[in-house]
Amino acid sequence: MENAIFDTLNDRQREAVLCTEGPLLILAGAGAGKTRVLTHRIAYLIDELGVPPYEIMAITFTNKAAEEMKSRVRSMVDFGESVWVATFHSSCVKILRRYIDRLGYDQDFVIYDTDDGKAVVRQALKALDLDPKMFKERAMLSLISAWKNEMISPEEALSDAGFDYRKEKEARIYASYERLLRKNNALDFDDLLLKTVELFRKEKDVLSYYQNRFRYIMVDEYQDTNTVQFELVYLLAKAHRNICVVGDDDQSIYRFRGADIRNILEFEEKFPGAKVVKLEQNYRSTTSILDAANAVIRHNRGRKEKHLWSENGTGAAVEFREYGSGNEEAEEIIRKVARETKLRGRSFKEFAVLYRTNAQSRLFEERCIAMNIPYRLVGGVNFYQRAEIKDLLAYLRTVATGRDDVAVRRIINVPKRGIGDTTVEKLQLYAAEHGISLMDAIGKAGEVPGVSRALPKLQVFAHLIGELREEAKTRPFDDLIRLVIEKTGYYGTLTELEKEKAEDKKENLQELIAKAKDFEVNWEDPEPPCLTDFLEEVALVADVDSMSEDDDRMLLMTLHSSKGLEFPTVFLAGLEEGLFPSYMSIDSGDPMDIEEERRLCYVGITRAMKELYISSARSRVLRGDLVYNNVSRFVRELPDSVWSEEIKEPRGFSNRFASRGSDDFSRKFNKFSVEKPEPAKPREKPAFGLSFEIKKADALDYGIGDRVNHQRFGEGVVKEILDGAKDYEVVIDFDDYGEKHLFASFAKLVKI
DNA sequence: GGTTGGAAACTTTTT
DNA sequence: GTTTCCAACC
């Protein structure tokens, strides 16, 4: 190959790039340059094989990944913008906007998020006269989602239920939920995929159009695909079989969302004759960090054997610290960031704190504010899920379609205009009886039985929406949003809240206005965008997507959000039994749940480029009350060699003995228990280093003069053995590292 | 019939 | 800590 850009690839990467025909599975370890492989592969197809760019499809999971790939492809090849690079969900939306009429929907369908979905479940329960306490919204939604991911229809769910009362009711709720969505001309997240598959199965001409259109298909993060997604890819690829999937089974962390790890483990069976390329050289992290990652993930059973390695050098040792409390953990971590940035001139964005649950973020946020550290909180409540934003968007949805009952219900009394639940129920009933939408029923409120007192208020509301619809025809979106705020007197409701919160909400609304403007300015199609386009964009963005690289702030996020990102210094916080791994996964009794948590830990470790600090807290406040957790099992799975820097420091070492008795260790490493040990002293200085269970051996199986092997230092000769109170101290002269003093129980020396 | 404030109950992770 | 529920008020 003459092209210089391909010279920067290693042999395995090049192999993956050159294998363009037929099914290909790229098993890419963390930081092994999979995005580079994908983009180079696209460039190779276009530049070397002359494939037209529009015949190439690359599917990702997040918008951020899609954006990154888009910009890389554009900078590498001419007409790069013609390559179809999009997320699963937005790809499906694009297809459905063109052809969904074949499934009996209008093309301007709206997309419901989980909040809307909850409202629909509530309505379904009411329609079926079922007790909402018996069938929880959230549980029902995840059940429905699971059914959809498995492509099980309401009818099938019903027949599967047999004579089980509960299952039968659940299936009926599902059926009712479906009817309501269809009536509102709405699709939920799962529908986007499911309806596309339905479309392909039903309309052969549509399927073959897209099969011919996408002659080369690439799927990123393949380990996170679920059954519908697999089916979608399978349908598209089965004609030409040029399907390349990239993934890492060790980074599969979305099982709870229906991701099926078997999709990657069984790829070769699903696509016979598939070629497999493993990328194991890591370009991101130091060897210390990779050792830690490898050691932890080794404890999982169902996985493809891999061993990450790098040429980046050993680097700083991974450090573990146990703090007295969650507060102290946050304080020390943020203090460390403050020191590093102030004293060593490092920038804030080099640091990231990763945690298991969103609830943990607050502690770090508070410390950042207190210490004046600029930070960015990723995830938590998604910008577009905030109440005020959703309210405004519900107005826009109502203005845009008029069929969206869920949106109308949300805003009919926001701000308060004296239209209560009873009135809405009557209107809804009337609408159902006459087969019209809620908004239409409001227009005819005079004819609705039982509506008298609320009638003038309803007329005002209907008039308001009518007016906004008129204005929407000419105004740009940002202007329209301003108008909604003004006409509804939305800010009026906010001032009643505490000042600070109201300010926050106003700022959020300003940001929404800015985003709307942005959207219009960046619109690329010659056709001007309509309100539906904007609402669609907004429905499909995640929080990570809007993370910008340029502002210098440290990052706080869950382990899930951190996937695909990298940071010079990572703090993995809250490594405690019950928190991480979560009590849910411990209690379920399914070892697969713990394995998923372990993969999550692996993802967290491999985000780090140069430094990794792992920590836990002995006590922390969880939903109001103080709990005492044991150190996570994952900490114990970390390799001894990782801690050797500490062992070289006698000072840290003696500290460790001074502050921790061995009873403490056995308690800590016991399985998660509810038994509460004595409370931690709040301001106690934390001990450095990892405290392994120190158990003095009765006798050592090596003596002075023997050659022994150490995991990290290699081979050496035992010079001296000192009998200490709690352990033997062994002096070894290593061939490569010289003389070292090690403790027998830590060093795990093996006689050769 | 609608609003409001306080008590109760629930928080794993999210495209 | 935060969202939902209910009962007393308007």
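Just so we're on the same page: letters track the sequence lines, and every chain starts at 1.
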Rounded to whole Å, the CD-P distance (A:Glu221 to B:dT14) equals 15 Å
May I ask you to decide whether A:Lys390 forms a salt bridge with A:Asp116, counting only side-chain N to carboxylate O separations under 4.0 Å?
yes
Would you call A:Asp249 and A:Arg599 a salt bridge, taking side-chain N to carboxylate O under 4.0 Å as the test?
no
Mind checking whether A:Tyr355 and A:His560 have ring centres under 6.0 Å apart?
no
Apply ring pair (Phe, Tyr, Trp, His ring centres under 6.0 Å) to residues A:Tyr375 and A:Phe364 and explain how you reach the verdict.
CA-CA 9 Å; A:Tyr375 69 95; A:Phe364 294 100; over 10 Å; no
Check A:Lys563 with A:Glu221, please: is the shortest side-chain N to carboxylate O separation under 4.0 Å?
yes
Whole-Å distance separating the CZ atom of A:Arg255 from the P atom of B:dT14:
17 Å
Between A:Tyr234 and A:Phe230, ring centroids under 6.0 Å:
yes
Between the protein and nucleotides 3-10 of chain C, list the N/O to N/O atom pairs that are separated by less than 3.5 angstrom.
residue : atom : partner  : partner atom : Å
C:dC6   : OP1  : A:Lys133 : NZ           : 3.4

Would you call A:Arg598 and A:Asp250 a salt bridge, taking side-chain N to carboxylate O under 4.0 Å as the test?
no
Heteroatom pairs (N/O) under 3.5 angstrom, protein to nucleotides 11-13 of chain B:
residue : atom : partner  : partner atom : Å
B:dT12  : OP2  : A:Tyr583 : OH           : 3.2
B:dT12  : O2   : A:Arg356 : NH1          : 2.5
B:dT12  : O2   : A:Arg356 : NH2          : 2.4
B:dT13  : OP1  : A:Asn358 : N            : 3.0
B:dT13  : OP1  : A:Asn358 : ND2          : 3.3
B:dT13  : O4'  : A:Arg356 : NH2          : 3.1
B:dT13  : O2   : A:Arg356 : NH2          : 2.5

Any salt bridge between A:Arg618 and A:Glu576, counting N to O under 4.0 Å?
no
Distance, rounded to the nearest Å, where A:Asp191 contributes CG and B:dT15 contributes C1':
14 Å
Between B:dT12 and C:dC5, how far is it from one C1' atom to the other, in whole Å?
25 Å
Expressed as a whole number of Å, how far does the C1' atom of B:dT13 sit from that of C:dT4?
23 Å
Is A:Glu577 paired with A:Arg633 through a side-chain N to carboxylate O contact shorter than 4.0 Å?
yes
CZ of A:Arg386 versus P of C:dT2: gap in Å, rounded?
12 Å
Whole-Å distance, A:Phe383 CZ to B:dT15 C1', equals 19 Å
Aromatic A:Trp84 / basic A:Lys94 pairing, under 6.0 angstrom, 45° off normal
yes
What does the list of N/O pairs under 3.5 Å between the protein and nucleotides 1-3 of chain B look like, with a distance for each?
residue : atom : partner  : partner atom : Å
B:dG1   : O4'  : A:Arg453 : NH2          : 2.8
B:dG2   : OP1  : A:Gly420 : N            : 2.9
B:dG2   : OP1  : A:Thr423 : OG1          : 2.6
B:dG2   : OP2  : A:Thr422 : OG1          : 2.5
B:dT3   : OP1  : A:Gly418 : N            : 3.3
B:dT3   : OP2  : A:Asn413 : ND2          : 3.2

Between A:Glu67 and A:Lys70, is there a side-chain N and carboxylate O pair less than 4.0 Å apart?
yes
